[in-house]
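Only a predicted model underlies this, so the values are computations on that prediction, with no experimental measurement involved. Starting from 1, each residue takes its place in the sequence as its number.
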Amino acid sequence: MRAFSVLALLFISVLGNAAGHGPIFGLATPTNSQGEWSFDSGIFGRSSDVDSQASFRELIAYGVTPHVTVSFTAPGVIGDTPLAPTRIQPGADFDGTVAWRFHHNTTKVGTRFESTAFAGLVVPGPQSGFKGLSFTSHTPGNMLGAVSGIASRSHYFWLGGTYTKFYERGGERRPDVFDYSLIYGYRPPQWRKEADKWDWRIFGELVGERSTRFLHEGSLIPQTGAHQVFLGTSFLGIFRNYTVSFGAQVPIHRDVGALFPKERVRYAVNFSYLLFQHSH
């Protein structure tokens with residue numbers, strides 16, 4: 001695991017979601033073109049029965065090859081609501097991952113079947129403690145995942161998931177998190193525009209996440225596990241080198257421990273700028 005951590009540090013990236021290419025909550029297969037930089041700024045909020053919390057995330061990514069993207073993300077959090085662990089919504093952790101599109105098959109003009117794998121390192125930031133849980137561990141973790149799907153000029157379909165495993169230190173460990181997503185996207189004919197006009201897509205996003213319990217002094221803490229599923233809609237607009245995406249989700253399944261309030265809604269807004277090394 002330590003060797004894997006070193007490897008992840010050498011190749012820093014983020015997940016395919018919310019990177020200016022597809023859905024804002026779930027996983028997708030696109031990667032940056034070779035020599036393409038992308039710069040993202042986003043706001044990701046979680047509102048519960050008790051209060052709300054928002055994470056401001058900055059992201060920089062670079063296309064090493066047409067199928068490998070490396071990037072780095074840094075967050076900042078406003079709010080102290082004791083919410084359940086999440087890896088779908090950006091939180092207070094610094095993330096590094098490699099996105100490798102290892103399968104790319106064009107079945108016909110404008111239609112492709114793709115699969116992308118993810119591997120990365122999660123490093124807790126200064127705001128990564130869970131409110132109300134003073135024993136929260138700040139040890140790092142590793143993430144592995146994959147997503148597959150079909151993309152065409154009109155329709156998009158992606159199914160994927162990731163698993164984040166945190167290290168144990170001194171009998172303390174953060175919950176491991178498994179997240180998954182099912183995405184369908186549609187680009188209506190009337191929304192399809194040339195590069196000098198906004199080109200829009202709409203996505204239906206189903207995402208879920210299951211987290212284990214906190215480990216404290218070698219023992220698992222009761223009522224700290226969670227499993228939640230959210231459903232919602234998002235939009236993606238592309239104009240030349242700029243993209244904007246936004247959306248909201250509501251819970252359709254909530255099974256959280258007594259230490260965490262129930263979430264009512266999640267929302268996100270993300271802006272991207274793509275810097276091409278060569279003219280496209």
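With no hydrogens or angles considered, a side-chain donor-acceptor pair links E263 and Q228 at under 3.5 Å. There is no side-chain donor-acceptor pair under 3.5 Å between T65 and Q34. A donor and an acceptor atom, one from each side chain of T111 and S152, are nowhere located under 3.5 Å apart. Side-chain contact annotation: H216 with E172, donor-acceptor N/O pair under 3.5 Å present. Residues D40 and S272 have side chains that bring a donor and an acceptor to within less than 3.5 angstrom of each other. Inspection of the W158 and T29 side chains reveals an N or O donor paired with an N or O acceptor under 3.5 Å. A donor atom on one side chain and an acceptor atom on the other are found under 3.5 Å apart for E209 and T86.
For D199, the side chain to side chain donor-acceptor pair (under 3.5 Å) criterion is met by R187, R201, not counting sequence neighbours. Judged as a side chain to side chain donor-acceptor pair (under 3.5 Å), and not counting sequence neighbours, the contacts of R192 are S154.
With respect to the salt-bridge test (charged N to carboxylate O, under 4.0 angstrom), the residues D176 and K165 qualify. Using a cutoff of 4.0 Å between basic side-chain nitrogens and carboxylate oxygens, D93 and R174 are scored as salt-bridged. Between D95 and R87 a salt bridge is recorded (basic side-chain N to carboxylate O distance below 4.0 Å).
Classified by interplanar angle (parallel below 30°, tilted 30° to 60°, perpendicular above 60°), the ring pair H104/H67 is tilted. The aromatic rings of H103 and F113 sit perpendicular, their planes meeting at an angle over 60°, well past the 30° parallel limit.
The environment of OH in Y242 is sparse: at most 12 heavy-atom neighbours from other residues, nucleotides or ligands sit within 6.0 Å.
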After noting the C-alpha distance and the side-chain angles of S41 and E58, does the key distance pass the side chain to side chain donor-acceptor pair (under 3.5 Å) rule? CA-CA 5 Å; S41 295; E58 298 294 329; 2.7 Å; yes
Show, in sequence, the C-alpha distance, side-chain angles and deciding distance for Y167 and N142, and conclude whether the side chain to side chain donor-acceptor pair (under 3.5 Å) test is met. CA-CA 8 Å; Y167 302 131; N142 287 129; 2.5 Å; yes
Before you tell me yes or no, could you show the steps for F157 and Y184 under ring pair (Phe, Tyr, Trp, His ring centres under 6.0 Å), namely the whole-Å CA-CA distance, both residues' side-chain angles and the distance that decides it to 0.1 Å? CA-CA 5 Å; F157 180 83; Y184 171 71; 7.5 Å; no
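Listed here is the closest heavy atom pair of I24 and V269: CD1-N, 3.9 Å.
The distance from the CD1 atom of I221 to the CG atom of L259 is 9.0 Å, given to the nearest 0.5 Å.
Taking the six-membered ring for Trp, F271 and Y273 have ring centres at least 6.0 Å apart.
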